[in-house]
Amino acid sequence: VEVVSELALYAERTAREACSPRRRFENLLDRHEARLRRVAYGMLGDAGRVDDVLQDAFLKAYRKLPTAFDSAEAESAWLYRVVHNCCLDELRRRRRRPEVLGIVERAGYPDDDSLVVAGALAQLREQDRAVVLLVDLIGFDYETAAAALGVPRGTVASRLNHARALLRQLLA
Amino acid sequence: MSVDLHDLVAPPPRPSFRDELWERTEAAERRAARRRRGIALSAVAAAVASTTAAGVFALESRPAFTGTYDRTMSCAVPIQGGIPVARLQAHSTYSTVTFGTKYSLASNAALLDGQGNSLGGVSGVRQGYGFPTRGSCKPAARVPLAPSGLPLYDVYKPGDPGLGSMDNGAMCFVGARVHVRVHADVHGDRAASGSLALWTGAKKLRPVAYVHWAPKRVAVYLSDDCHA
């Protein structure tokens with residue numbers, strides 16, 4: 001039985017994809033887009049803005065795509081950081097233009113539970129929301145979440161603690 | 001039945017999402033290509049200027065000086081691609097031939113923001129050290145003038161293109177403000193050697209890049225925040 005390490009598979013995949021930046025980026029999106037979409041929706045709480053914000057983020061990510069990543073975690077952290085920053089930009093824009101303040105939209109939404117969760121997330125502070133989405137929803141470890149958010153590991157832990165407690169109360 | 005975080009369902013993408021993305025990407029690439037052509041022409045002009053007179057940076061204008069220049073500034077960094085980005089150029093003397101004409105680039109270690117504005121540097125041309133006289137930089141407490149644990153990325157000697165002579169240099173993801181320290185041993189208004197340190201961080205500063213510069217040897221130390 002041939003044993004192939006995850007690292008070797010990752011190295012092989014990145015080497016294969018290196019020939020075309022567009023192909024490489026498509027593959028990157030295939031791996032991450034669904035989860036990034038959930039994170040962006042959780043951050044924004046506005047289903048109508050998710051596509052536009054993700055497009056801006058992907059465009060920026062494609063233009064700045066590094067030639068290689070040290071690991072799968074580094075790749076995830078980098079991409080989530082770009083998306084996270086674009087979400088923060090969008091939230092800042094909303095604050096400057098209160099007439100478009102985000103409300104949780106029902107359009108295209110079959111799932112009421114999802115609206116309840118989005119509403120609860122909207123009541124968390126932005127930094128707490130980001131941590132709980134990356135760790136509890138997406139499954140990042142503390143180090144990867146810390147790299148994605150550009151904060152120390154201890155900050156991730158304390159924010160997560162705070163966010164979990166508040167979210168439990170809100171969803172109870 | 002209780003609701004939890006995993007009940008969060010993302011909205012589906014609109015059907016044309018990827019097509020729109022690639023259309024926008026191609027349009028952006030066309031714009032960037034046009035911009036690059038313009039920059040290439042400017043770079044040739046800058047290269048000519050660097051071989052003749054007072055420097056490639058729009059830095060402080062000073063009377064002739066011999067001694068040690070040492071200053072730390074805190075500079076705002078605009079967001080690029082969703083993240084504040086600082087670009088590091090670092091190379092020794094480098095020559096290139098464009099349309100049959102040879103141009104020479106001076107040895108250089110410089111930081112720029114994502115929009116190409118100087119954040120300080122040290123180079124081999126006269127008065128080619130220091131910070132821009134205009135801009136968002138203000139004096140700050142000193143940061144260490146040492147690699148501070150950063151790994152050595154590369155050492156560039158004359159003839160090596162290095163970072164920033166034939167490309168955009170190393171892109172470093174930083175915070176909204178950076179602390180930049182420029183140190184130069186100056187003889188007759190020209191730096192004989194020097195160092196450039198880049199630190200960032202909201203509450204606690206951390207090292208991002210460090211360059212030990214001499215006209216014929218440029219050693220670059222980079223953190224994981226930098227991609228070349």
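Chain letters run A, B, ... following the sequence lines, proteins first and then strands; every chain starts at 1.
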Check: With only heavy atoms counted, which part of B:H6 is less than 4.5 Å from chain A, the side chain, the backbone, both or neither?
Finding: both
Quick check: do [X] and [Y] have side-chain heavy atoms less than 4.5 Å from each other?
{"X": "B:R14", "Y": "A:D52", "answer": "yes"}
{"X": "A:E33", "Y": "B:P13", "answer": "yes"}
{"X": "B:T25", "Y": "A:R22", "answer": "no"}

Of the listed residues ([options]), which shares the most heavy-atom pairs with chain B below a 4.5 Å separation?
{"options": "A:N85, A:D51, A:V117", "value": "A:D51"}
{"options": "A:K60, A:Q55, A:R38", "value": "A:Q55"}
{"options": "A:V50, A:L29, A:L167", "value": "A:L29"}

Using non-hydrogen atoms and a 4.5 Å limit, figure out which bit of [X] sits close to chain B: side chain, backbone, both or neither.
{"X": "A:D89", "answer": "side chain"}
{"X": "A:L137", "answer": "both"}
{"X": "A:V132", "answer": "both"}
{"X": "A:L121", "answer": "side chain"}
{"X": "A:F58", "answer": "both"}
{"X": "A:E26", "answer": "both"}

Item checked: Atom pair CG (B:L21) and OH (A:Y62), whose distance is rounded to the nearest 0.5 Å -> 9.5 Å
Of all heavy-atom pairs between [X] and [Y], which one has the smallest distance, and what is that distance?
{"X": "B:A10", "Y": "A:Y41", "answer": "CA-CD2, 4.2 Å"}
{"X": "B:L8", "Y": "A:G42", "answer": "CD2-CA, 3.8 Å"}
{"X": "A:R37", "Y": "B:P11", "answer": "CD-O, 3.1 Å"}
{"X": "B:F17", "Y": "A:L54", "answer": "CZ-CB, 3.9 Å"}
{"X": "A:L59", "Y": "B:R24", "answer": "CD2-NH2, 3.6 Å"}
{"X": "A:V82", "Y": "B:I83", "answer": "CG2-CD1, 3.9 Å"}

Next item on the list: Could you tell me whether the side chain of A:D136 and the main chain of B:L5 form a donor-acceptor pair under 3.5 Å?
Entry: no
